[in-house]
Q: 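Have a look at this one.
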Amino acid sequence: MQTNERTAENGGIFISNDVIASIAANAAKDIEGVSGFALKTGTRTAGAADSAKAVKVLSQDNDVKIQIGIRVKNGVNLQTVSMAIQRSIKNAVQSMTGKVVTKVNVAVQGIDFDAPNEVKADS
């Protein structure tokens with residue numbers, strides 16, 4: 001009980017939704033089959049610099065809901081990629097922030113036909 005009272009007296013930690021969005025985008029970009037991010041349905045593709053803008057975070061107290069728009073490579077299984085993204089985002093956000101992620105919605109907003117299953121080259 002003493003530690004809870006001390007925490008309340010000294011203040012608390014506030015994690016902005018922008019930070020959570022950045023964590024989620026970084027977790028999603030490493031999933032095989034993801035080719036990029038989409039800002040909104042019918043809008044342009046997000047570049048690497050603004051990939052966190054493709055993520056919408058609704059945070060209330062210790063509860064977090066996340067929505068992310070992605071583009072996938074041609075020939076990948078959408079369900080497999082989407083489930084991997086959900087797991088990756090949930091694990092990353094919960095482990096880094098301590099907040100409970102109750103929902104991760106993945107919106108597949110495009111398929112890139114130009115580069116079917118292209119392997120990323122290390123530069």
Side-chain angles (χ1 to χ4, degrees):
M1 282 244 189
Q2 193 92 10
T3 58
N4 289 342
E5 291 174 9
R6 238 195 251 152
T7 304
E9 289 175 9
N10 294 332
I13 297 173
F14 176 75
I15 301 170
S16 77
N17 287 348
D18 292 340
V19 171
I20 295 172
S22 181
I23 293 168
N26 284 328
K29 75 178 180 183
D30 294 333
I31 301 299
E32 182 63 36
V34 174
S35 64
F37 298 94
L39 297 180
K40 282 186 176 180
T41 305
T43 63
R44 68 182 176 85
T45 302
D50 56 1
S51 60
K53 292 180 183 176
V55 181
K56 181 177 179 183
V57 177
L58 299 172
S59 179
Q60 186 175 28
D61 296 326
N62 203 33
D63 179 43
V64 178
K65 295 179 176 119
I66 299 171
Q67 181 169 342
I68 185 167
I70 62 162
R71 297 183 58 81
V72 295
K73 295 177 184 176
N74 183 29
V76 299
N77 184 311
L78 298 178
Q79 182 178 9
T80 303
V81 171
S82 297
M83 289 174 60
I85 290 170
Q86 288 174 323
R87 276 191 303 273
S88 180
I89 288 175
K90 182 175 180 177
N91 291 338
V93 171
Q94 287 185 163
S95 68
M96 290 185 197
T97 66
K99 292 181 178 255
V100 177
V101 177
T102 57
K103 188 179 282 190
V104 178
N105 292 325
V106 178
V108 178
Q109 297 180 349
I111 300 172
D112 290 330
F113 292 102
D114 297 339
N117 294 326
E118 185 177 297
V119 178
K120 295 178 185 176
D122 293 328
S123 300

Q: Please say yes or no: joined through hydrophobic side-chain contacts below 4.5 Å, possibly via intermediate residues, are L58 and I85 part of one cluster?
A: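 L58 does not cluster with I85.
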
Q: Could you check whether any side-chain heavy atom of S22 comes within less than 4.5 Å of a side-chain heavy atom of D18, counting everything from C-beta outward?
A: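 No - every pair of side-chain heavy atoms lies 4.5 Å or more apart.
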
Q: Taking the side chain from S88 and the backbone from A27, do they hold a donor-acceptor pair closer than 3.5 Å?
A: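 Yes; at least one donor-acceptor contact below 3.5 Å.
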
Q: Can you give the donor-acceptor pairs under 3.5 Å from side chains of residues 62-69 to other protein atoms, not counting sequence neighbours?
A:
residue	atom	partner	partner atom	Å
D63	OD1	T102	OG1	2.8

Q: Return the set of residues passing side chain to side chain contact (heavy atoms under 4.5 Å, CB included) with T97 (not counting sequence neighbours), or none when no residue passes.
A: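 By the side chain to side chain contact (heavy atoms under 4.5 Å, CB included) rule, T97 matches I15, I20, I23, V93, K99.
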
Q: What pair of heavy atoms forms the shortest contact from Q109 to R71, and how long is it?
A: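 For Q109 and R71, the tightest heavy-atom pair comes out as O-NH1, 3.9 Å.
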
Q: Looking at every heavy atom in both A24 and V55, which two are closest together, and how far apart are they?
A: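 Answer, listing the atom of A24 first, then V55: CB-CG1, 4.1 Å.
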
Q: Considering only heavy atoms from C-beta outward, does the side chain of K53 approach that of F37 to under 4.5 Å?
A: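 No, every pair of side-chain atoms sits at 4.5 Å or beyond.
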
Q: What residues, two or more places apart in sequence or in another chain, satisfy side chain to side chain contact (heavy atoms under 4.5 Å, CB included) together with Q79?
A: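 Here the qualifying residues are N77, M83.
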
Q: So if you build clusters from Ile, Leu, Val, Met, Phe, Trp, Tyr with side-chain heavy-atom gaps below 4.5 Å, do M96 and V101 land together?
A: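 Linked within one cluster.
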
Q: To check you understand the geometry: which heavy-atom pair defines the closest contact between S59 and N17, and what is its length?
A: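 Reported closest heavy-atom pair: CB-OD1, 3.2 Å.
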
